[in-house]
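Each ligand, and each atom within it, is numbered from 1 in the order the structure gives. Since the structure is predicted, the reported quantities are computational estimates derived from the model, not experimental observations. This chain uses plain numbering: 1 for the first residue, then up along the sequence.
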Amino acid sequence: MSLSAIRARANAAATAAGRDPASITLIAVSKEQPEARVLPVLEAGHRIFGENRVQEAAGKWPGWITRFGPVELHLLGPLQTNKARAAMELFTTIHSLDRPKLAQTLARLAQDMGQCPQLFVQVNTGAEPQKAGILPENSDSFIAEARALDLPLAGVMCIPPASEPPGPHFTHLAEIGARNGLPCLSMGMSDDFETAITYGATHIRVGSAIFGART
Ligand SMILES: *Cc1c(COP(=O)(O)O)cnc(C)c1O
C-alpha cells in the first residue's frame, strides 16, 4: 500500500511549486480494484475515493461505508442520464459534467432531491473524438448554461491525450477555469500528478500508483 508515499510525493511537488500541500485533494481511484487492496487504504484512514462507474460503485461502497463510516466519493467516468439519480445519491462530487442534456437532468433532479453533488465540467482539451468532455471552444458557454441552471460548479476537469505531454493541456484547463471563475482543477493521474500540481491541480486522481495495476 503506497498511499503514504504518493501523499509524500504530492506534498513535495506542492512545496516545490510554492503551494500549500493542504490545498491538494488526493482522490484514491479504487475502480476495478479488489477489496483486499482497498481495505488497507480505508484502514489507514483515507476517506476520499474515485470510481468510474455508478453501478460498480453502488455495489461496493454502501458496505464499506457501513463498516468505515462516511467517505467522500468522486465519480470520474462518463455519466448517462438514466443513472444520474443513482449517481447523485452516492457521490459527493461528479467530475464528468460535459453536455447540456446532463446539466438539465442534474438540475431537475437537484430540485426534486433538494441536494446536488459538487460538479466539475469535463473539458476534452485534446478534442479527441472518442473521449468524453465538452470541446474547449464550447466550454465558456456551457459553463454559463450550467450556472444559469443553478448547478453547484466547483471546477473543471481534463484527461490529456495519452500520446502527448500533459503540460499544455493542464495550462489550457487552468485558463478555462480562471476565466470562468472556477477555482478547482481536477487533473493529474498516476503518471503525471506531480506535473499537474506544478500547473495548479487542486484535485489529483491517482489509481494504479496507490493500489497497483488494475486486473
Ligand atoms: C482510471 C482513472 C484515473 C486513475 O488512473 P491511474 O492511471 O490508475 O492513476 C484517473 N482519472 C480518471 C478519469 C480515470 O478514469
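- Considering each of H203, M187, R205, the one bringing a non-hydrogen atom nearest atom 11 (N) of ligand 1 is R205.
- Closest protein heavy atom to atom 9 (O) of ligand 1: S190 OG, 2.5 Å.
- The shortest contact between atom 5 (O) of ligand 1 and any protein heavy atom is with M189 CE, 3.6 Å.
- No side-chain donor from either of Q118 and T92 sits under 3.5 Å from a side-chain acceptor of the other.
- Panel note: side chain N180, backbone L182; no donor-acceptor pair is recorded below 3.5 Å.
- The backbone N or O of Q122 sits nowhere less than 3.5 Å from a side-chain atom of D98 that would complete a donor-acceptor pair.
- Polar contact check, V206 against ligand 1: no nitrogen or oxygen pair lies under 3.5 Å apart.
- Ligand-side atoms of ligand 1 in range of S208: 6 (P), 7 (O), 8 (O), 9 (O), range being under 4.0 angstrom from any heavy atom.
- Ring geometry, F120 versus H95: the interplanar angle falls under 30°, so the pair is classed parallel (tilted spans 30 to 60°).
- Of the protein's non-hydrogen atoms, I159 CD1, 3.6 Å is the one closest to atom 13 (C) of ligand 1.
- With hydrogens and angles disregarded, no donor-acceptor distance shorter than 3.5 Å links the side chain of H203 to the backbone of R205.
- For R47 (side chain) and L42 (main-chain N/O), a donor-acceptor pair under 3.5 Å exists by modelled atom type.
- In this structure, R214 has a heavy atom closer than 4.0 Å to ligand 1.
- Within ligand 1, the atoms closer than 4.0 Å to a non-hydrogen atom of N52 are 14 (C), 15 (O), numbered from 1 in the order shown.
- A salt bridge is absent between R179 and E175: the closest approach of a Lys/Arg side-chain nitrogen to an acidic carboxylate oxygen does not fall below 4.0 angstrom.
- Each of the following atoms of ligand 1 lies closer than 4.0 Å to a heavy atom of G207: 4 (C), 6 (P), 8 (O), 9 (O).
- Residue, atom and distance of the protein heavy atom nearest to atom 1 (C) of ligand 1 are K31 NZ, 1.4 Å.
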